[in-house]
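Side-chain atoms are counted along with the backbone in the values below, which use heavy atoms only and exclude waters and symmetry mates.
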Amino acid sequence: MEQKYNLIAILNTNFQPVTFRLKGKKHYQIILRIESKEFDEKLEKVTYVEYELHKSFKNRTRIAKSKHNQFEIDIKAWGSFVVQCTVGQIDGEPYTFSQNIKDVLQRKAM
């Protein structure tokens, strides 16, 4: 079965890494959003995207409702992990898929 939506992960190369704990790992800014090249190119059928992050995140479940930025969220992370995405659709059941950040990571100055 062909995947309707894909995760996009963008590492902001202009962001200065931060450390949250003494002797902790450097955390980098990563922007997560979705895309759909053939099924719903302009994301017109999407009402929200729920991102389920790694269990180490305090606020593990994040919901994005803004279509104008491709349902984008901003996270700080030090490594890669699998993100589960649930896409709410106007005309049907929510669509769920998972992708590893490392498989879709792009580096970009923002």
Side-chain angles (χ1 to χ4, degrees):
M1 183 169 123
E2 187 177 345
Q3 188 162 311
K4 292 181 178 183
Y5 299 96
N6 294 302
L7 180 69
I8 298 172
I10 302 167
L11 174 68
N12 181 359
T13 58
N14 282 339
F15 181 80
Q16 287 295 328
V18 295
T19 304
F20 292 107
R21 291 184 287 276
L22 187 63
K23 298 184 182 180
K25 296 184 181 195
K26 290 182 180 179
H27 287 64
Y28 300 85
Q29 181 184 42
I30 300 173
I31 308 300
L32 301 178
R33 60 174 69 140
I34 63 163
E35 71 174 358
S36 179
K37 291 190 174 158
E38 295 180 24
F39 171 73
D40 186 10
E41 191 172 320
K42 294 183 180 177
L43 303 175
E44 292 171 357
K45 298 176 183 177
V46 178
T47 57
Y48 69 90
V49 177
E50 180 179 295
Y51 298 91
E52 188 78 25
L53 306 174
H54 187 269
K55 63 184 178 183
S56 63
F57 281 79
K58 286 183 181 178
N59 299 318
R60 186 174 178 202
T61 302
R62 314 275 176 95
I63 298 175
K65 296 182 179 180
S66 181
K67 190 180 311 247
H68 83 274
N69 65 2
Q70 294 175 267
F71 300 92
E72 179 179 291
I73 65 167
D74 169 343
I75 63 171
K76 309 295 183 287
W78 60 264
S80 68
F81 55 92
V82 174
V83 176
Q84 180 175 303
C85 302
T86 300
V87 180
Q89 302 176 99
I90 292 171
D91 59 353
E93 293 289 317
Y95 177 80
T96 301
F97 69 96
S98 297
Q99 281 186 292
N100 194 311
I101 287 176
K102 71 178 180 182
D103 296 336
V104 295
L105 189 66
Q106 305 168 15
R107 297 173 189 276
K108 203 180 279 187
M110 299 181 85

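When the side chains of ILVMFWY residues are joined at heavy-atom separations under 4.5 Å, either directly or via intervening members, Ile10 and Val49 end up in two distinct hydrophobic clusters. Linking ILVMFWY side-chain heavy atoms closer than 4.5 Å, directly or via other members, places Leu43 and Tyr48 in two distinct hydrophobic clusters. Under the 4.5 Å side-chain heavy-atom criterion for grouping Ile, Leu, Val, Met, Phe, Trp and Tyr, Ile31 is not connected to Phe71 through any hydrophobic cluster. Under the 4.5 Å side-chain heavy-atom criterion for Ile, Leu, Val, Met, Phe, Trp and Tyr, Phe81 and Trp78 are members of distinct hydrophobic clusters. Both Tyr51 and Leu105 sit in one connected hydrophobic cluster of ILVMFWY residues. Membership requires side-chain heavy atoms under 4.5 Å apart, directly or through other members.
Atom CD in Gln99 sits 12.0 Å away from atom CD in Gln84 (nearest 0.5 Å). Taking CD1 of Ile8 as the start and NZ of Lys108 as the end, the distance is 7.5 Å to the nearest 0.5 Å. Note that OG of Ser80 is 8.5 Å distant from CD1 of Ile30, once rounded to the nearest 0.5 Å. Note: Arg33 CZ to Asp74 CG = 11.0 Å, rounded to the nearest 0.5 Å. With rounding to the nearest 0.5 Å, the separation of OG1 in Thr86 from CD1 in Ile63 is 9.0 Å. Summarising the geometry, atom OG1 belonging to Thr47 is positioned 7.5 Å from atom NZ belonging to Lys67; distances are rounded to the nearest 0.5 Å.
Within the structure, the side-chain hydrogen bond (donor to acceptor under 3.5 Å, both in side chains) test picks out the following pairs touching residues 12-26 (sequence neighbours left out): Asn12-Gln29.
Scanning both residues, Phe97 and Gln3, for their nearest heavy atoms gives CD1-NE2, 3.3 Å. A pairwise comparison of heavy atoms in Tyr95 and Tyr5 identifies CD2-CD1, 3.6 Å as the closest pair. Closest non-hydrogen pair, Val18 versus Phe15, comes out as CG1-CZ, 4.1 Å. For the residue pair Val83 and Leu32, the shortest heavy atom distance occurs at CG2-CD1, 4.3 Å.
For Asp91, the side-chain contact (heavy atoms from CB on, under 4.5 Å) test picks out Lys45, Gln89, with sequence neighbours left out.
Under a cut-off of 6.0 angstrom, the local environment of CD in Glu93 is sparse, with at most 12 non-hydrogen atoms contributed by other residues, nucleotides or ligands. Counting heavy-atom neighbours within 6.0 Å of Lys65 NZ, excluding the residue itself, gives a total of 12 or less.
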Q: Mind running side chain to side chain contact (heavy atoms under 4.5 Å, CB included) on Lys37 and Asn6 for me, showing each step along the way?
A: CA-CA 9 Å; Lys37 291 190 174 158; Asn6 294 302; 5.6 Å; no
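In this structure a side-chain-to-backbone donor-acceptor pair under 3.5 Å is missing from Arg60 to Glu52. Using a distance-only test at 3.5 Å, with no hydrogens or angles considered, a donor-acceptor pair links the side chain of Gln70 to the main chain of Ile34. Checked by atom type and distance alone, the side chain of Lys4 never pairs as donor or acceptor with a backbone atom of Ser36 at under 3.5 Å.
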